[in-house]
Amino acid sequence: GFVAQVVAFAFGLAASTFFPAIVLGIFSRRANREGVVAGMLVGLAFTSSYIVYFKFLGGTPEQLWWGISPEGIGAVGMLINFAVAISIAAVTPPPPDDVVALVEDLRTPG
């Protein structure tokens with residue numbers, strides 16, 4: 001049980017931090033450093049604080065948000081990360097042209 005729980009926490013933290021950055025880096029031309037970093041920090045803070053509260057600080061099952069256990073909260077953290085990253089990218093300057101060209105070169109097989 002302990003190993004499975006730790007693995008679930010690790011995957012939840014990865015989902016709430018790295019997954020949106022990877023997906024936006026592949027599929028969004030508008031994603032920029034500011035948005036992705038802000039999304040990662042917010043996703044990490046939300047997910048880790050939820051895990052710490054319910055596993056170490058005495059949170060009760062009645063207090064769970066929408067009945068989501070700490071092992072599964074990474075999915076919500078991922079959605080928050082996407083929302084923050086896209087919102088911040090929309091109000092900050094787009095990535096430089098050389099970065100866009102590099103990403104386009106990486107996307108093209110060959």
Side-chain angles (χ1 to χ4, degrees):
F2 175 74
V3 173
Q5 192 175 45
V6 170
V7 170
F9 292 151
F11 276 100
L13 289 168
S16 67
T17 54
F18 299 122
F19 178 73
I22 293 168
V23 170
L24 289 173
I26 294 171
F27 295 109
S28 174
R29 295 172 192 259
R30 187 66 176 91
N32 60 10
R33 177 184 51 209
E34 293 82 4
V36 170
V37 169
M40 289 176 71
L41 291 174
V42 170
L44 176 65
F46 170 78
T47 304
S48 59
S49 63
Y50 192 89
I51 290 170
V52 167
Y53 178 73
F54 283 103
K55 287 299 176 182
F56 304 110
L57 299 179
T60 63
E62 294 80 30
Q63 296 173 317
L64 292 174
W65 292 4
W66 307 293
I68 300 173
S69 72
E71 292 83 6
I73 199 63
V76 176
M78 175 188 64
L79 295 175
I80 293 171
N81 182 336
F82 271 120
V84 169
I86 292 168
S87 299
I88 298 295
V91 298
T92 54
D97 291 334
D98 60 328
V99 173
V100 173
L102 173 69
V103 171
E104 284 300 320
D105 186 50
L106 290 174
R107 288 181 183 157
T108 308

Shortest non-hydrogen contact from Q63 toward G58: OE1-O, 4.4 Å
Which atom names give the shortest non-hydrogen contact between P95 and N32, and what distance separates them? CD-CB, 4.1 Å
With the side chain counted from C-beta on, respond yes when L24 and I86 share a heavy-atom pair under 4.5 Å apart, and no when they do not. yes
To the nearest 0.5 Å, how far apart are OH in Y50 and CD1 in I68? 6.0 Å
Looking at K55 and P70, what are the two nearest heavy atoms and their distance? CE-CG, 4.1 Å
Between A31 and V36, which heavy-atom pair has the shortest distance, and what is it? CB-CG2, 4.4 Å
Crowded around D98 CG? As in, over 12 foreign heavy atoms under 6.0 Å? yes
Nearest atoms (heavy-atom pairs only) where S16 meets G77: CB-C, 3.7 Å
Residue pair L44, L13: steps toward the side chain to side chain contact (heavy atoms under 4.5 Å, CB included) verdict: CA-CA 6 Å; L44 176 65; L13 289 168; 4.0 Å; yes
Quick one: do T47 and I80 satisfy side chain to side chain contact (heavy atoms under 4.5 Å, CB included)? Show the steps, please. CA-CA 10 Å; T47 304; I80 293 171; over 6 Å; no
With a cut-off of 6.0 Å (strictly less than), are more than 12 heavy atoms of other residues, nucleotides or ligands near CZ of F18? no
For the residue pair F46 and W65, categorise the inter-ring angle as parallel (less than 30°), tilted (30 to 60°) or perpendicular (more than 60°). tilted
At their closest point, which heavy atom of A15 faces which heavy atom of P20, and how far apart are they? O-CD, 3.2 Å
Any side-chain heavy-atom pair of V23 and F82 under 4.5 Å: yes
